[in-house]
Structure formats: C-alpha cells, structure tokens
Amino acid sequence: MAAAAGVTLSLANNGKQSAHFMVYGYKGEFTEPQHIDVLGRQDLQVPVPAGSYDLTVLGPNRFQYELKGSTAGAAAGVDLTVAGRTGQRDVELEISNHGPGTVSLEVRSLQYAEAAEQLVLKSGQRKKLGWPAPGGWYDVELTSVDDAGFRRRATGRDEDGGEGISG
C-alpha cells in the first residue's frame with residue numbers, strides 16, 4: 001500500500017520452508033535489489049523520496065508483482081492481493097481501497113484466460129473476486145481511470161502441491 005512516507009510491501013509464504021523474494025526499484029527506491037527470505041509474513045517498507053514509484057517483486061513459481069504509481073495519486077491506497085483457493089484451479093483476488101476517496105478500477109486478465117471486470121470502491125471498501133487460473137496460471141492487471149499512473153500486475157502459478165505445466 002502506498003502512503004505519503006512510501007510503499008509497504010506485505011510478503012507472505014504459507015509453506016513450511018522459507019521462500020525467496022527479490023524486490024527491484026526502478027525510480028531510485030533502492031541502490032540495489034533487495035533479497036528477502038520469508039517464512040510466514042514479512043512487511044518491507046520502501047522509501048519513495050520522489051513521490052512516485054516503480055517496483056517489481058519476483059518470487060517462486062514465476063510470481064511477479066509490479067507496482068507503479070504515486071503516493072499522492074487518487075488510487076494510492078488501493079491494494080491487490082492474490083490468494084489460492086484450496087482444491088480449485090482458480091485464484092481469489094482481493095482489491096481494497098485504504099485511500100480517502102472513491103476510485104474506479106478495471107481488472108483484466110493479460111494471459112491464460114479471458115476475463116475483465118470494472119468496479120468502484122469507496123474508501124475503506126474491499127471486494128473479493130474469483131478469477132480464472134487455468135492450470136493454476138494467472139496474469140492480472142489492475143488500473144484506475146481516476147489515476148493514470150496507477151498500475152498493479154500480478155502473475156504466476158498458484159501452488160497446490162500437485163504436478164503442474166509450465167506457462
């Protein structure tokens with residue numbers, strides 16, 4: 001989530017062994033990539049001295065999460081979380097608005113499935129969406145018509161412990 005002081009990345013791993021994540025900053029957020037091993041949940045505070053950010057988080061199963069925006073943009077308080085749905089080959093998206101105003105958002109699939117949805121979230125509101133993930137693979141983009149610089153993209157494969165096919 002973005003705020004005036006910067007961006008907070010919440011990294012989670014429900015497995016029994018730690019998972020390695022790498023965080024890259026493309027607008028001077030870091031002098032070098034950050035490497036983090038996570039078992040459970042860990043928050044990373046990312047300074048955003050110029051007010052805008054461009055970050056990419058890489059992790060297991062081709063997990064990639066891209067965040068672009070401004071700490072003062074209309075959608076600065078919008079979060080996107082992707083969670084597996086146990087026993088199903090779809091994922092659950094949770095989109096929340098922690099910002100002070102209402103935002104209009106568009107969610108769309110970039111690969112693997114044809115899906116798109118538009119929604120409006122008031123301050124403090126969240127919405128959960130079941131999202132298609134054929135073979136466990138997903139690639140989702142979240143943008144806002146109210147904030148042209150805002151973008152979230154989450155892509156990867158939901159781990160279910162079974163055999164998979166590379167995407």
Classify the side-chain pair N97/S123 by whether it contains a donor and acceptor separated by less than 3.5 Å.
-> no

Are the side chains of Q64 and T56 in touch, meaning some heavy atoms are under 4.5 Å apart?
-> yes

Once you round to the nearest 0.5 Å, how far does CG of D79 lie from NE2 of H98?
-> 4.5 Å

Any chance you could measure K16, atom NZ, to L39, atom CG, to the nearest 0.5 Å?
-> 11.5 Å

Check: G51 main-chain N/O paired with T71 side-chain donor or acceptor under 3.5 Å | yes

Less than 4.5 Å apart, any side-chain heavy atom of V140 and any of V82?
-> no

Got a donor-acceptor contact below 3.5 angstrom from the R153 side chain to the L67 backbone?
-> no

Heavy-atom nearest pair, K27 first then S52, reads NZ-OG, 3.3 Å

For the residue pair D146 and A74, what are the closest heavy atoms and their distance?
-> O-CB, 3.5 Å

Hey, is the main chain of S109 close enough, under 3.5 Å, to the side chain of Q111 for a donor-acceptor pair?
-> no

W131 versus V107: any side-chain heavy-atom pair under 4.5 Å?
-> yes

Drop me the distance from L11's CG to R41's CZ, to the nearest 0.5 angstrom.
-> 9.0 Å

CG of L105 to CG of D147: how many Å apart, nearest 0.5 Å?
-> 9.5 Å

Heavy-atom pair with the smallest gap, counting every atom of P134 and P132 = CD-C, 3.7 Å

If you group Ile, Leu, Val, Met, Phe, Trp and Tyr by side-chain heavy-atom gaps below 4.5 Å, do L58 and V23 land in one group?
-> no

Quick check: does any side chain N or O of N13 sit under 3.5 Å from a backbone N or O of V38, one acting as donor and the other as acceptor?
-> yes

Name all pairs fulfilling the ring-ring contact (aromatic ring centres under 6.0 Å, His included) condition that reach into residues 9-49, sequence neighbours left out, sorted by first residue then second.
-> H20-H35

Donor-acceptor under 3.5 Å (D158 side chain, V91 main chain) | no

Distance, nearest 0.5 Å, that separates CD of Q34 from CG of L55 = 10.5 Å

Check the surroundings of atom CG in N14: do more than 12 heavy atoms from other residues, nucleotides or ligands lie under 6.0 Å from it?
-> no

When rounded to the nearest 0.5 angstrom, what distance separates OG1 in T143 from CZ in R151?
-> 9.0 Å

Minimum-distance pair of heavy atoms, taken over all atoms of R126 and L121 | C-CD2, 4.3 Å

Note: Y65 and R152 closest approach over all heavy atoms is OH-CD, 3.6 Å

Minimum-distance pair of heavy atoms, taken over all atoms of V120 and S104 = CG2-OG, 3.8 Å

Side chain to side chain donor-acceptor pair (under 3.5 Å) involving S70 - partner list, sequence neighbours excluded = none

Can you tell me if CD on E114 sees more than 12 non-hydrogen neighbours from other groups inside 6.0 Å?
-> no

Set of residues satisfying side chain to side chain donor-acceptor pair (under 3.5 Å) with respect to E29, sequence neighbours excluded | none

Please check if the side chain of T155 supplies one atom and the backbone of Y138 the other of a donor-acceptor pair under 3.5 Å.
-> yes

